[in-house]
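Shown next, in C-alpha coordinates, is the structure this report addresses.
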Amino acid sequence: MTTQGSVIVALLALVLLGFILNMLRKRRLSEEVSLIWIFAFAAVIVLMALPTLTSKVTHLVGAIYPASVLTLLALAFVGVMLVYTSVKLSKLTAEVRALAQRQVLAEARREAEATKAPLTTSEAPAATEKAAEKSAESAGKTPVADDGRE
Amino acid sequence: MSAATPETDAGSLLVLLPARNEAERIPVILERIFAVVPHARIVVVEDTSTDDTAAVARRCGALVLSLPINIGYGGALQTGFKYAWENGFDTVVTLDADGQHDPDDIPALLAALAETKADLVIGSRFVKDTGYRAGAVRRATMKFFSVLTSFLAGQKITDTTSGFQAIGRMPLGLFADIYPYDYPNAEVLVDLARNGGKIAEVPVKVRARLGGTSMFDLWSSMYYVVKMNLSILMVLMRKRRHGAS
(Lines give C-alpha, C1' and ligand atoms only; values in the text may rest on other atoms or scores of the structure.)
Protein backbone atom coordinates (compact mmCIF):
# COMPACT_ATOMS: atom_id res chain seq x y z
CA MET A 1 0.00 0.00 0.00
CA THR A 2 1.35 3.43 -0.88
CA THR A 3 2.19 5.89 1.87
CA GLN A 4 -0.32 8.30 0.38
CA GLY A 5 -3.06 5.67 0.57
CA SER A 6 -2.18 4.74 4.12
CA VAL A 7 -2.26 8.36 5.21
CA ILE A 8 -5.66 8.93 3.61
CA VAL A 9 -7.17 5.80 5.19
CA ALA A 10 -5.65 6.68 8.57
CA LEU A 11 -6.99 10.23 8.35
CA LEU A 12 -10.43 8.94 7.43
CA ALA A 13 -10.38 6.59 10.42
CA LEU A 14 -9.24 9.48 12.61
CA VAL A 15 -12.14 11.66 11.45
CA LEU A 16 -14.64 8.86 12.07
CA LEU A 17 -13.09 8.22 15.46
CA GLY A 18 -13.57 11.88 16.30
CA PHE A 19 -17.16 11.62 15.09
CA ILE A 20 -17.80 8.64 17.40
CA LEU A 21 -16.18 10.38 20.37
CA ASN A 22 -18.26 13.47 19.76
CA MET A 23 -21.46 11.41 19.68
CA LEU A 24 -20.35 9.77 22.89
CA ARG A 25 -19.73 13.19 24.44
CA LYS A 26 -23.26 14.26 23.50
CA ARG A 27 -24.64 11.01 24.96
CA ARG A 28 -26.15 9.98 21.64
CA LEU A 29 -24.22 6.74 21.71
CA SER A 30 -23.82 4.38 24.64
CA GLU A 31 -20.28 3.77 25.84
CA GLU A 32 -20.80 0.04 25.47
CA VAL A 33 -21.45 0.28 21.72
CA SER A 34 -18.99 3.07 21.06
CA LEU A 35 -16.14 0.93 22.39
CA ILE A 36 -16.55 -1.45 19.44
CA TRP A 37 -16.27 1.42 16.95
CA ILE A 38 -13.38 3.05 18.79
CA PHE A 39 -11.41 -0.20 18.70
CA ALA A 40 -12.21 -0.71 15.02
CA PHE A 41 -11.01 2.74 13.96
CA ALA A 42 -8.00 2.51 16.26
CA ALA A 43 -7.11 -0.80 14.64
CA VAL A 44 -7.27 0.79 11.19
CA ILE A 45 -4.98 3.62 12.31
CA VAL A 46 -2.50 1.15 13.84
CA LEU A 47 -2.49 -0.95 10.66
CA MET A 48 -1.83 2.14 8.56
CA ALA A 49 0.96 3.27 10.85
CA LEU A 50 2.67 -0.11 10.74
CA PRO A 51 3.02 -1.17 7.06
CA THR A 52 4.93 -4.32 8.04
CA LEU A 53 2.02 -5.50 10.17
CA THR A 54 -0.36 -4.82 7.29
CA SER A 55 1.70 -6.86 4.85
CA LYS A 56 1.96 -9.69 7.39
CA VAL A 57 -1.82 -9.78 7.72
CA THR A 58 -2.12 -9.67 3.92
CA HIS A 59 0.24 -12.61 3.61
CA LEU A 60 -1.61 -14.50 6.33
CA VAL A 61 -4.95 -14.13 4.58
CA GLY A 62 -3.37 -15.11 1.25
CA ALA A 63 -4.26 -11.88 -0.50
CA ILE A 64 -1.99 -9.93 -2.79
CA TYR A 65 -3.02 -6.36 -2.10
CA PRO A 66 -3.27 -4.98 1.43
CA ALA A 67 -6.18 -2.82 0.24
CA SER A 68 -8.33 -5.85 -0.54
CA VAL A 69 -7.60 -7.31 2.90
CA LEU A 70 -8.72 -4.06 4.47
CA THR A 71 -11.89 -4.09 2.36
CA LEU A 72 -12.61 -7.66 3.38
CA LEU A 73 -12.09 -6.87 7.06
CA ALA A 74 -14.21 -3.74 6.80
CA LEU A 75 -17.05 -5.65 5.11
CA ALA A 76 -16.94 -8.41 7.69
CA PHE A 77 -16.99 -5.84 10.48
CA VAL A 78 -19.90 -3.93 8.97
CA GLY A 79 -21.79 -7.19 8.48
CA VAL A 80 -21.28 -8.27 12.07
CA MET A 81 -22.30 -4.85 13.33
CA LEU A 82 -25.48 -4.92 11.22
CA VAL A 83 -26.50 -8.30 12.57
CA TYR A 84 -25.70 -7.09 16.07
CA THR A 85 -27.91 -4.04 15.49
CA SER A 86 -30.75 -6.21 14.16
CA VAL A 87 -30.55 -8.46 17.20
CA LYS A 88 -30.58 -5.46 19.53
CA LEU A 89 -33.52 -3.98 17.65
CA SER A 90 -35.53 -7.22 17.83
CA LYS A 91 -34.84 -7.47 21.53
CA LEU A 92 -35.83 -3.85 22.09
CA THR A 93 -39.05 -4.31 20.10
CA ALA A 94 -40.00 -7.35 22.15
CA GLU A 95 -39.19 -5.51 25.38
CA VAL A 96 -41.20 -2.44 24.41
CA ARG A 97 -44.12 -4.68 23.48
CA ALA A 98 -43.98 -6.50 26.81
CA LEU A 99 -43.74 -3.17 28.63
CA ALA A 100 -46.79 -1.81 26.82
CA GLN A 101 -48.74 -4.93 27.80
CA ARG A 102 -47.61 -4.74 31.38
CA GLN A 103 -48.51 -1.07 31.59
CA VAL A 104 -52.00 -1.62 30.23
CA LEU A 105 -52.60 -4.58 32.57
CA ALA A 106 -51.34 -2.63 35.58
CA GLU A 107 -53.69 0.20 34.67
CA ALA A 108 -56.63 -2.20 34.46
CA ARG A 109 -55.73 -3.62 37.87
CA ARG A 110 -55.52 -0.15 39.36
CA GLU A 111 -58.86 0.85 37.88
CA ALA A 112 -60.50 -2.33 39.17
CA GLU A 113 -59.23 -1.56 42.65
CA ALA A 114 -60.40 2.02 42.35
CA THR A 115 -63.95 0.96 41.46
CA LYS A 116 -63.93 -1.46 44.38
CA ALA A 117 -63.03 1.21 46.93
CA PRO A 118 -63.59 4.75 45.69
CA LEU A 119 -62.29 7.40 48.03
CA THR A 120 -64.65 10.27 47.50
CA THR A 121 -63.73 13.61 48.98
CA SER A 122 -67.20 14.21 50.41
CA GLU A 123 -66.95 11.27 52.76
CA ALA A 124 -65.06 11.11 56.00
CA PRO A 125 -62.22 8.53 56.12
CA ALA A 126 -64.22 6.45 58.61
CA ALA A 127 -67.02 6.05 56.10
CA THR A 128 -64.80 4.64 53.35
CA GLU A 129 -65.13 1.05 54.45
CA LYS A 130 -68.89 1.24 54.19
CA ALA A 131 -68.62 3.04 50.88
CA ALA A 132 -66.30 0.35 49.59
CA GLU A 133 -68.78 -2.35 50.53
CA LYS A 134 -71.59 -0.47 48.88
CA SER A 135 -69.67 0.09 45.69
CA ALA A 136 -68.56 -3.53 45.61
CA GLU A 137 -72.18 -4.54 45.75
CA SER A 138 -73.24 -2.23 42.99
CA ALA A 139 -70.12 -3.10 41.02
CA GLY A 140 -71.14 -6.75 40.99
CA LYS A 141 -74.20 -5.83 38.98
CA THR A 142 -72.47 -3.95 36.22
CA PRO A 143 -70.62 -5.93 33.58
CA VAL A 144 -67.72 -3.47 33.60
CA ALA A 145 -66.75 -4.05 37.17
CA ASP A 146 -64.40 -6.61 38.59
CA ASP A 147 -66.00 -9.98 39.09
CA GLY A 148 -65.00 -10.06 42.75
CA ARG A 149 -63.41 -13.49 42.71
CA GLU A 150 -60.84 -13.90 45.43
CA MET B 1 -70.04 -11.17 48.79
CA SER B 2 -73.01 -13.19 47.60
CA ALA B 3 -72.18 -16.85 47.07
CA ALA B 4 -72.63 -17.04 43.32
CA THR B 5 -71.89 -14.14 41.05
CA PRO B 6 -73.07 -14.80 37.50
CA GLU B 7 -69.49 -15.27 36.33
CA THR B 8 -68.43 -17.95 38.74
CA ASP B 9 -71.51 -19.94 37.77
CA ALA B 10 -70.58 -20.63 34.21
CA GLY B 11 -66.88 -21.30 34.67
CA SER B 12 -65.51 -17.87 33.99
CA LEU B 13 -65.61 -16.85 30.35
CA LEU B 14 -63.83 -13.94 28.77
CA VAL B 15 -64.66 -12.68 25.30
CA LEU B 16 -61.70 -10.95 23.75
CA LEU B 17 -61.80 -8.51 20.85
CA PRO B 18 -58.72 -6.78 19.52
CA ALA B 19 -59.96 -3.56 17.96
CA ARG B 20 -58.50 -0.73 15.99
CA ASN B 21 -60.62 2.13 14.71
CA GLU B 22 -63.86 0.18 15.10
CA ALA B 23 -65.93 2.82 16.90
CA GLU B 24 -68.75 2.54 14.38
CA ARG B 25 -69.04 -1.22 14.22
CA ILE B 26 -68.17 -2.31 17.74
CA PRO B 27 -71.38 -1.33 19.62
CA VAL B 28 -73.54 -3.74 17.58
CA ILE B 29 -71.10 -6.61 18.15
CA LEU B 30 -70.73 -5.95 21.88
CA GLU B 31 -74.48 -5.75 22.29
CA ARG B 32 -74.84 -9.11 20.55
CA ILE B 33 -72.15 -10.70 22.73
CA PHE B 34 -73.85 -9.47 25.91
CA ALA B 35 -77.09 -10.97 24.66
CA VAL B 36 -75.56 -14.33 23.71
CA VAL B 37 -73.22 -14.84 26.69
CA PRO B 38 -74.48 -12.51 29.45
CA HIS B 39 -72.19 -14.06 32.05
CA ALA B 40 -69.02 -13.32 30.09
CA ARG B 41 -66.53 -10.60 30.77
CA ILE B 42 -65.90 -8.70 27.56
CA VAL B 43 -62.43 -7.31 27.06
CA VAL B 44 -61.61 -5.02 24.16
CA VAL B 45 -57.92 -4.55 23.53
CA GLU B 46 -57.76 -1.27 21.73
CA ASP B 47 -54.59 -0.88 19.70
CA THR B 48 -53.81 2.81 19.17
CA SER B 49 -57.06 3.82 17.50
CA THR B 50 -57.43 7.32 16.13
CA ASP B 51 -61.20 7.30 16.63
CA ASP B 52 -63.04 6.86 19.95
CA THR B 53 -63.16 3.04 19.88
CA ALA B 54 -62.08 2.87 23.54
CA ALA B 55 -64.75 5.27 24.81
CA VAL B 56 -67.49 3.64 22.75
CA ALA B 57 -66.56 0.14 23.91
CA ARG B 58 -66.36 1.30 27.53
CA ARG B 59 -69.81 2.87 27.25
CA CYS B 60 -71.11 -0.47 25.95
CA GLY B 61 -69.89 -2.10 29.14
CA ALA B 62 -66.69 -3.75 27.98
CA LEU B 63 -63.45 -3.63 29.90
CA VAL B 64 -61.10 -1.72 27.61
CA LEU B 65 -57.36 -2.21 27.60
CA SER B 66 -55.91 0.71 25.65
CA LEU B 67 -52.44 -0.01 24.39
CA PRO B 68 -50.11 3.00 24.43
CA ILE B 69 -48.28 1.90 21.28
CA ASN B 70 -49.15 -0.26 18.31
CA ILE B 71 -47.92 -3.76 19.08
CA GLY B 72 -49.67 -5.65 16.30
CA TYR B 73 -52.72 -7.87 16.12
CA GLY B 74 -51.05 -10.77 17.91
CA GLY B 75 -49.59 -8.44 20.52
CA ALA B 76 -53.06 -7.08 21.24
CA LEU B 77 -54.47 -10.60 21.52
CA GLN B 78 -51.69 -11.61 23.89
CA THR B 79 -52.48 -8.63 26.12
CA GLY B 80 -55.96 -10.10 26.53
CA PHE B 81 -54.54 -13.57 27.12
CA LYS B 82 -52.29 -12.22 29.85
CA TYR B 83 -55.25 -10.48 31.45
CA ALA B 84 -57.33 -13.67 31.33
CA TRP B 85 -54.48 -15.79 32.65
CA GLU B 86 -53.67 -13.46 35.54
CA ASN B 87 -57.32 -13.09 36.51
CA GLY B 88 -57.98 -16.81 36.46
CA PHE B 89 -60.43 -17.06 33.59
CA ASP B 90 -61.05 -20.61 32.39
CA THR B 91 -62.02 -19.89 28.81
CA VAL B 92 -61.32 -17.14 26.31
CA VAL B 93 -63.25 -16.63 23.10
CA THR B 94 -61.52 -14.40 20.56
CA LEU B 95 -63.27 -12.73 17.69
CA ASP B 96 -62.68 -9.82 15.36
CA ALA B 97 -64.28 -6.50 16.14
CA ASP B 98 -64.97 -5.69 12.49
CA GLY B 99 -68.15 -7.73 12.24
CA GLN B 100 -66.68 -10.68 10.37
CA HIS B 101 -67.57 -13.11 13.11
CA ASP B 102 -71.09 -13.66 14.37
CA PRO B 103 -71.38 -13.66 18.18
CA ASP B 104 -74.30 -16.08 17.75
CA ASP B 105 -71.70 -18.78 17.00
CA ILE B 106 -70.02 -18.40 20.42
CA PRO B 107 -72.20 -21.03 22.16
CA ALA B 108 -71.33 -23.56 19.45
CA LEU B 109 -67.62 -22.96 20.06
CA LEU B 110 -68.06 -23.31 23.82
CA ALA B 111 -70.14 -26.45 23.41
CA ALA B 112 -67.45 -27.99 21.22
CA LEU B 113 -64.81 -27.08 23.80
CA ALA B 114 -66.77 -28.92 26.48
CA GLU B 115 -67.90 -31.89 24.40
CA THR B 116 -64.71 -32.73 22.54
CA LYS B 117 -62.49 -31.96 25.54
CA ALA B 118 -60.38 -29.95 23.15
CA ASP B 119 -57.98 -27.29 24.39
CA LEU B 120 -58.75 -24.97 21.51
CA VAL B 121 -61.73 -24.79 19.18
CA ILE B 122 -61.47 -23.00 15.86
CA GLY B 123 -64.46 -21.37 14.27
CA SER B 124 -63.76 -22.67 10.80
CA ARG B 125 -65.03 -21.40 7.46
CA PHE B 126 -64.19 -24.69 5.77
CA VAL B 127 -65.53 -27.56 7.86
CA LYS B 128 -68.55 -27.36 5.64
CA ASP B 129 -69.65 -24.85 3.04
CA THR B 130 -70.40 -21.78 5.12
CA GLY B 131 -70.80 -19.46 2.19
CA TYR B 132 -67.31 -18.07 2.55
CA ARG B 133 -65.72 -17.13 -0.77
CA ALA B 134 -62.14 -15.99 -1.32
CA GLY B 135 -59.89 -15.20 -4.26
CA ALA B 136 -57.74 -17.88 -5.89
CA VAL B 137 -54.43 -16.80 -4.32
CA ARG B 138 -55.90 -16.59 -0.89
CA ARG B 139 -57.69 -19.89 -1.26
CA ALA B 140 -54.52 -21.68 -2.39
CA THR B 141 -52.54 -20.13 0.47
CA MET B 142 -55.10 -21.21 3.04
CA LYS B 143 -55.31 -24.70 1.60
CA PHE B 144 -51.54 -25.06 1.69
CA PHE B 145 -51.31 -24.11 5.34
CA SER B 146 -54.30 -26.22 6.23
CA VAL B 147 -52.62 -29.31 4.77
CA LEU B 148 -49.22 -28.47 6.27
CA THR B 149 -50.63 -27.68 9.71
CA SER B 150 -52.81 -30.78 9.76
CA PHE B 151 -49.79 -32.89 8.91
CA LEU B 152 -47.47 -31.29 11.48
CA ALA B 153 -50.10 -31.11 14.21
CA GLY B 154 -51.30 -34.63 13.54
CA GLN B 155 -54.89 -33.40 13.67
CA LYS B 156 -57.16 -32.28 10.88
CA ILE B 157 -57.35 -28.50 10.77
CA THR B 158 -59.18 -26.82 7.91
CA ASP B 159 -58.90 -23.17 8.90
CA THR B 160 -55.56 -22.00 10.27
CA THR B 161 -56.19 -18.28 9.88
CA SER B 162 -59.47 -17.96 11.75
CA GLY B 163 -59.44 -15.34 14.48
CA PHE B 164 -62.62 -16.84 15.91
CA GLN B 165 -61.45 -19.30 18.57
CA ALA B 166 -62.39 -20.67 21.96
CA ILE B 167 -59.31 -21.22 24.09
CA GLY B 168 -59.05 -23.30 27.24
CA ARG B 169 -56.81 -22.82 30.25
CA MET B 170 -53.89 -24.89 28.94
CA PRO B 171 -53.25 -22.97 25.69
CA LEU B 172 -54.02 -19.76 27.55
CA GLY B 173 -50.97 -20.34 29.71
CA LEU B 174 -48.82 -21.03 26.66
CA PHE B 175 -50.11 -17.97 24.81
CA ALA B 176 -49.78 -15.63 27.79
CA ASP B 177 -46.16 -16.73 27.94
CA ILE B 178 -45.17 -16.59 24.26
CA TYR B 179 -47.29 -15.51 21.32
CA PRO B 180 -46.39 -14.12 17.89
CA TYR B 181 -47.05 -10.42 17.57
CA ASP B 182 -48.10 -9.99 13.94
CA TYR B 183 -50.53 -12.51 12.49
CA PRO B 184 -50.66 -15.57 14.69
CA ASN B 185 -52.02 -18.48 12.68
CA ALA B 186 -50.67 -21.86 11.72
CA GLU B 187 -47.51 -21.80 13.82
CA VAL B 188 -49.53 -21.24 16.98
CA LEU B 189 -51.58 -24.35 16.24
CA VAL B 190 -48.52 -26.45 15.42
CA ASP B 191 -46.88 -25.24 18.64
CA LEU B 192 -49.99 -26.05 20.64
CA ALA B 193 -50.27 -29.54 19.14
CA ARG B 194 -46.60 -30.19 19.85
CA ASN B 195 -47.23 -29.29 23.47
CA GLY B 196 -49.98 -31.85 23.70
CA GLY B 197 -52.95 -29.60 22.96
CA LYS B 198 -56.05 -30.96 21.29
CA ILE B 199 -57.64 -28.85 18.58
CA ALA B 200 -61.23 -29.07 17.33
CA GLU B 201 -63.22 -27.14 14.77
CA VAL B 202 -66.82 -26.04 14.36
CA PRO B 203 -68.30 -24.42 11.26
CA VAL B 204 -69.04 -20.71 11.49
CA LYS B 205 -70.50 -18.18 9.11
CA VAL B 206 -68.21 -15.36 8.13
CA ARG B 207 -69.60 -12.10 6.87
CA ALA B 208 -67.73 -10.21 4.22
CA ARG B 209 -65.78 -7.54 6.00
CA LEU B 210 -67.37 -4.13 5.76
CA GLY B 211 -64.73 -2.06 4.03
CA GLY B 212 -61.11 -2.19 5.07
CA THR B 213 -58.46 -4.17 3.27
CA SER B 214 -57.65 -7.79 3.79
CA MET B 215 -54.06 -8.69 4.54
CA PHE B 216 -53.96 -10.93 1.51
CA ASP B 217 -52.98 -9.03 -1.58
CA LEU B 218 -50.40 -10.63 -3.81
CA TRP B 219 -47.21 -9.22 -2.31
CA SER B 220 -48.24 -9.46 1.27
CA SER B 221 -49.49 -12.98 0.70
CA MET B 222 -46.10 -13.93 -0.72
CA TYR B 223 -44.48 -12.42 2.33
CA TYR B 224 -47.04 -14.22 4.48
CA VAL B 225 -46.28 -17.62 2.92
CA VAL B 226 -42.53 -17.24 3.39
CA LYS B 227 -42.82 -15.82 6.87
CA MET B 228 -45.33 -18.43 8.01
CA ASN B 229 -43.17 -21.28 6.73
CA LEU B 230 -40.23 -19.81 8.62
CA SER B 231 -42.36 -19.45 11.76
CA ILE B 232 -43.50 -23.06 11.53
CA LEU B 233 -39.93 -24.23 10.94
CA MET B 234 -38.83 -22.33 14.05
CA VAL B 235 -41.62 -23.89 16.10
CA LEU B 236 -40.39 -27.31 14.99
CA MET B 237 -36.77 -26.46 15.80
CA ARG B 238 -37.50 -25.19 19.31
CA LYS B 239 -37.85 -27.36 22.34
CA ARG B 240 -41.35 -28.23 23.46
CA ARG B 241 -42.46 -25.90 26.21
CA HIS B 242 -44.57 -28.29 28.29
CA GLY B 243 -47.35 -26.01 29.45
CA ALA B 244 -46.78 -22.87 31.44
CA SER B 245 -49.74 -23.98 33.52
Side-chain angles (χ1 to χ4, degrees), chain A residues 28 30 79-80 82-120 123 125-150, chain B residues 1-10 12-15 30 33-34 37-48 54 57-72 74-90 176-182:
Chain A
R28 289 180 58 189
S30 75
V80 168
L82 269 178
V83 172
Y84 172 74
T85 311
S86 296
V87 169
K88 276 267 176 191
L89 207 59
S90 301
K91 189 165 169 261
L92 260 180
T93 312
E95 284 170 350
V96 166
R97 200 168 281 132
L99 261 182
Q101 290 179 330
R102 185 177 283 197
Q103 186 265 335
V104 106
L105 291 173
E107 203 168 279
R109 211 173 303 129
R110 214 183 51 225
E111 267 168 35
E113 274 159 21
T115 44
K116 255 188 205 165
L119 286 163
T120 49
E123 280 165 331
T128 48
E129 215 178 286
K130 249 185 179 173
E133 271 177 38
K134 221 188 240 173
S135 75
E137 264 173 43
S138 62
K141 284 164 196 157
T142 58
V144 209
D146 195 82
D147 54 34
R149 266 176 291 111
E150 255 63 62
Chain B
M1 263 289 86
S2 57
T5 57
E7 273 159 358
T8 46
D9 274 351
S12 54
L13 169 67
L14 187 147
V15 179
L30 294 181
I33 298 170
F34 274 124
V37 277
H39 57 284
R41 165 81 60 88
I42 303 184
V43 173
V44 172
V45 182
E46 184 262 325
D47 196 354
T48 59
R58 209 167 273 135
R59 226 177 292 135
C60 292
L63 174 79
V64 178
L65 303 176
S66 270
L67 289 164
I69 50 169
N70 177 16
I71 58 170
L77 270 177
Q78 196 194 25
T79 309
F81 293 150
K82 284 183 175 175
Y83 179 88
W85 179 253
E86 285 171 12
N87 290 285
F89 283 89
D90 296 320
D177 187 27
I178 298 170
Y179 202 67
Y181 60 85
D182 46 6

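Quantities reported herein were computed from a predicted structural model and do not represent experimental measurements. In the text below, chain A, chain B and the rest are named by the order of the sequence lines, each starting its count at 1.
Only the side chain of A/Arg109 comes within less than 4.5 Å of a heavy atom in chain B; its backbone stays farther off. Interface residue B/Gln78: backbone and side-chain heavy atoms are both found under 4.5 Å from chain A.
In plain terms, the two heavy atoms of A/Val104 and B/Ser66 that are nearest each other are CG2-O, 2.8 Å. Of all non-hydrogen atoms in A/Ala100 and B/Leu67, the two that sit nearest each other are O-CD2, 4.2 Å.
Atom CD of A/Gln101 sits about 9.5 Å away from atom CD1 of B/Ile69, to the nearest 0.5 Å.
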